[in-house]
Number of protein chains: 2
Amino acid sequence: MGENELEAPNTKRSARQNSNGVEPSLTLAETLAGRIREQVISGRLVPGSHLSEQTLSDELQVSRNTLREVFRLLTKEGLLRYEANRGVFVATPSMSTIVDIYRVRRFIECPALAQAHPRHPAASKMRIAVEAAHDCRDKGDWLGVGTADIAFHAAIVELADSPRLSDFYRQISLELRLVFGLLHDPEFLHAPFVDQNRSIVTQLEAGNPQGASETLEAYLFQAERFILGAYARVSGSP
Amino acid sequence: MGENELEAPNTKRSARQNSNGVEPSLTLAETLAGRIREQVISGRLVPGSHLSEQTLSDELQVSRNTLREVFRLLTKEGLLRYEANRGVFVATPSMSTIVDIYRVRRFIECPALAQAHPRHPAASKMRIAVEAAHDCRDKGDWLGVGTADIAFHAAIVELADSPRLSDFYRQISLELRLVFGLLHDPEFLHAPFVDQNRSIVTQLEAGNPQGASETLEAYLFQAERFILGAYARVSGSP
DNA sequence: CCTGTCCAGACTGTTGAACAATTTTCATAC
DNA sequence: GTATGAAAATTGTTCAACAGTCTGGACAGG
C-alpha cells in the first residue's frame, strides 16, 4: 500500500515556471493537486489506499505542510477522504455514490438541454465533442472517448449559462471518472453511447431540445444500469 | 483593513475538547473555519478586505500554517478569494453573482419541489422552518427569520433525495448569506416572503406540488429583483 | 507640478525540524 | 486464543527561516 510512481516535480525551484505560457500563477500546491488528481482518476492510485504524508512528501520532494494543503484541496473535490488522526485515503465510491451521481446528472442535464436554444455556443461544443468521440472510437482510443464524453456532457450543462452549475458539474464528473478508473473496461462502458450522443446533438440542432432531452434521460438511465452492473461485477471479484 | 475582533480560541490546547458532546473529531482548522465563516456571513468581516496571515494568526493564536489550511477551506466554499502572492480577501459578490445564484436556485428548487411527494420527510422540515420564521417575525427577530428561510429552502432541495445536490445548495446558501450581510436590511428582505413560504408548503401538503413549484418560481424571481435593487442601492452609496 | 525609476520593507510561498496526541503494531502474559 | 500494555509510526500543530513578489515612498528628471 502507498505504492505509486509519482516523479518529483521540476527540481528547479527558483521560479514558478510556466511550461505553457498561459495560466500565469499556479501555486506549487495546486500543481501537485493536479498531478495527484491525475493519478487518482486514472486509477493508478487505488481507491481505499492510504496516502502517507511522510512517504508522499518524500516522493514528491515537497514539505509535509505543502502536501497537506494539497490534501485539503482534493478532499474538497471529493477525491480524497479524511479520517481524523488516521490520514487521507483515496475515496472509495459505493453503489449509492453512483446512484446519487446519476440522479444529479438527470436532474441537471435534462432540464438544461430541454430549455436550451439550438444556437447556443455550448451547442457547438457538444458537436465538436461528439465528433471527437467518434474519431477516437474508430481509432480504438477508449480513453479519448471517455474524455470526449465528459466534455460533451459538460457542454450540456453549459447550456444553462450558470458558472456555479458548471463548476458543480465538473466536480460530479471528477467523481464519476474515479468510478470509471475503478472499472477498467472503457470500451464496454463508452462504446454504446457515442451514437446516442450524436443523436442528442442532432436533435438539438434541428430545433427539438425537448426530444433531445428525452433521449438524454433514457441514455442516463441506461448508463447508470451499465455502470452499476460493472461495479457489482468488479466489487464481487476484486 | 485587517481589523476585526476575533477572540483567541480556547487556550487549553492539550485536548481537542468538544464543548458539545456531538461531532466527535473536528480539527483545529475546521473549528477556526467555522468561526471565520461566521464572521464573514454576519458581515463583521467586510467583503473585499484583506486577511493578513501574520495578523490573523497572531489574533487567533494559531500558526500561519494552520491558518493557511483554514483559508483553503473557505476559498473552496467561495467565501474567500485568493490572489497569488497577495493573499486572501473576503469575496465580494457582484450583481452577476446574485443573478447566477438565483438562476441556480430556480433551476434546482423548482423541479425538486414539483416532483416531490407530499409526505416526504423533508416536507415536515419545510413546515417546521416556516413556523419558526413566522414566530421570529412576530418577535422582530429578523436574523432568525433569515436563518429559518435558509432552512426552508434547504429542505426543498432535500426533497430531491440527493446528498450531492444538498451539499451544493449549502454552498450556494453560504454565498447568498454573504450577500445578505452586505445589504444589512434583513427586515425589508425577509419580511415579505414568510407568508409565501407558508403558502408553498401548504400547497405541497395539499397534494399540489406543481402549484407549489409555480409559487416558488414567482417567489424566486421576485426575491431576485428585491436583492438586486437593494444591492444597487448599497453599491451606489456605500 | 507631474512622472518614471529604484530601493527598502512587508507579505506570501515553501521548507525543515520539532513536539504532543493518537493510532497501530507487536510482544508478552493469562 | 484472547487480552494487556508498551514501543513505534503517524498525524496535528507549531516555530523559525528564507526566497520570491508586491507595495509604497524617496528621488531624480522633465
Side-chain angles (χ1 to χ4, degrees), chain A residues 1-4 6 8-18 23-36 48-76 80-90, chain B residues 1-4 6 8-18 23-36 48-76 80-90:
Chain A
M1 48 210 56
E3 77 309 346
N4 46 37
L6 298 170
N10 196 324
T11 53
K12 299 187 180 69
R13 68 170 39 142
S14 58
R16 226 160 282 142
Q17 71 284 14
N18 306 0
E23 204 72 38
S25 60
L26 268 228
T27 183
L28 213 198
E30 282 158 345
T31 309
L32 292 186
R35 179 180 320 219
I36 295 188
S49 61
H50 180 211
L51 299 186
S52 154
E53 297 187 351
Q54 183 96 19
T55 310
L56 250 192
S57 63
D58 284 354
E59 241 158 44
L60 295 167
Q61 302 195 11
V62 298
S63 82
R64 261 181 72 212
N65 284 315
T66 303
L67 186 61
R68 280 167 71 76
E69 288 209 358
V70 174
F71 284 167
R72 291 286 179 192
L73 286 230
L74 296 175
T75 299
K76 271 281 176 187
L80 302 184
R81 192 171 35 80
Y82 251 94
E83 271 176 51
N85 293 315
R86 291 178 29 87
V88 289
F89 301 77
V90 180
Chain B
M1 63 261 317
E3 76 311 346
N4 44 39
L6 298 170
N10 197 325
T11 53
K12 298 188 180 70
R13 67 172 38 147
S14 57
R16 228 160 281 145
Q17 71 286 13
N18 306 0
E23 202 71 40
S25 59
L26 268 226
T27 183
L28 214 197
E30 282 158 346
T31 309
L32 293 184
R35 180 180 319 221
I36 295 187
S49 61
H50 180 214
L51 300 186
S52 154
E53 296 187 352
Q54 184 96 20
T55 309
L56 250 191
S57 63
D58 285 355
E59 240 159 46
L60 295 168
Q61 301 195 13
V62 297
S63 83
R64 264 181 69 210
N65 284 315
T66 302
L67 187 61
R68 275 165 131 307
E69 289 207 356
V70 174
F71 283 167
R72 290 286 180 193
L73 290 211
L74 296 175
T75 299
K76 272 280 175 187
L80 302 184
R81 193 171 34 81
Y82 251 95
E83 272 177 51
N85 294 315
R86 290 181 26 89
V88 288
F89 301 77
V90 180

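The chains referred to below are lettered A, B, ... by the order of the sequence lines, with proteins before strands, and numbering in each begins at 1. The shown structure was predicted, so the numbers you read here are calculated from the model rather than taken from an experiment.
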Would you tell me if any nitrogen or oxygen in the side chain of A/His50 comes within less than 4.0 Å of OP1 or OP2 on D/dT10?
no
Has A/Thr66 got a side-chain N or O lying under 4.0 Å from the OP1 or OP2 atom of C/dT15?
yes
Looking at A/Arg68, I'd like to know whether one of its side-chain N or O atoms comes within less than 4.0 Å of OP1 or OP2 on D/dG12.
yes
Taking only side-chain N and O atoms of B/Ser52, does any of them lie within less than 4.0 angstrom of OP1 or OP2 on C/dA10?
no
What's the closest nucleotide to the side chain of A/Thr27 if the choices are C/dG13, D/dC15, C/dT23?
C/dG13
Are the side chains of B/Arg72 and A/Leu73 in contact, using a 4.5 Å heavy-atom criterion?
yes
Rounded to whole angstrom units, what separation is found between the CZ atom of A/Phe71 and the C1' atom of D/dT11?
11 Å
Kindly point out which of C/dT12, C/dG16, D/dC15 is positioned nearest to the side chain of A/Asn65?
C/dG16
Starting at atom CD of B/Glu53, determine the distance to atom C1' of D/dC15, rounded to an integer number of angstrom.
15 Å
Nearest-Å distance for atom pair CG/P, residues A/Leu28 and D/dT21
13 Å
Nearest listed nucleotide, side chain of A/Asn85, among D/dT13, C/dT12, C/dT22:
C/dT22
I'd like to know if the side chain of A/His50 reaches the main chain of A/Val90, judged simply by a donor and an acceptor atom lying under 3.5 Å from each other, with no hydrogens or angles considered.
no
I'd like to know if B/Arg64 reaches the base of C/dG13 with its side chain, counting only an N/O donor and acceptor under 3.5 Å.
yes
Determine yes or no for a side-chain-to-main-chain donor-acceptor pair under 3.5 angstrom, with B/Ser57 supplying the side chain and B/Glu53 the backbone.
yes
Rounded to whole angstrom units, what separation is found between the CD atom of A/Glu83 and the P atom of C/dA21?
22 Å
Expressed as a whole number of angstroms, how long is the span from A/Gln54:CD to C/dA17:C1'?
11 Å
Taking CG from A/Asp58 and P from D/dT10, how many angstroms apart are they, rounded to a whole number?
11 Å
Between B/Tyr82 (OH) and C/dT14 (P), how many Å, whole number?
9 Å
So do B/Ile36 and B/Leu60 actually touch side chain to side chain, heavy atoms under 4.5 Å?
yes
Rounded to the Å, how far apart are A/Glu30 CD and C/dT12 P?
16 Å
Are B/Thr27 and A/Tyr82 side-chain neighbours, meaning at least one heavy-atom pair lies under 4.5 Å?
no
Check every atom of C/dT15, D/dT14, C/dG13 against the side chain of B/Ser63 and return the nucleotide holding the closest atom.
D/dT14
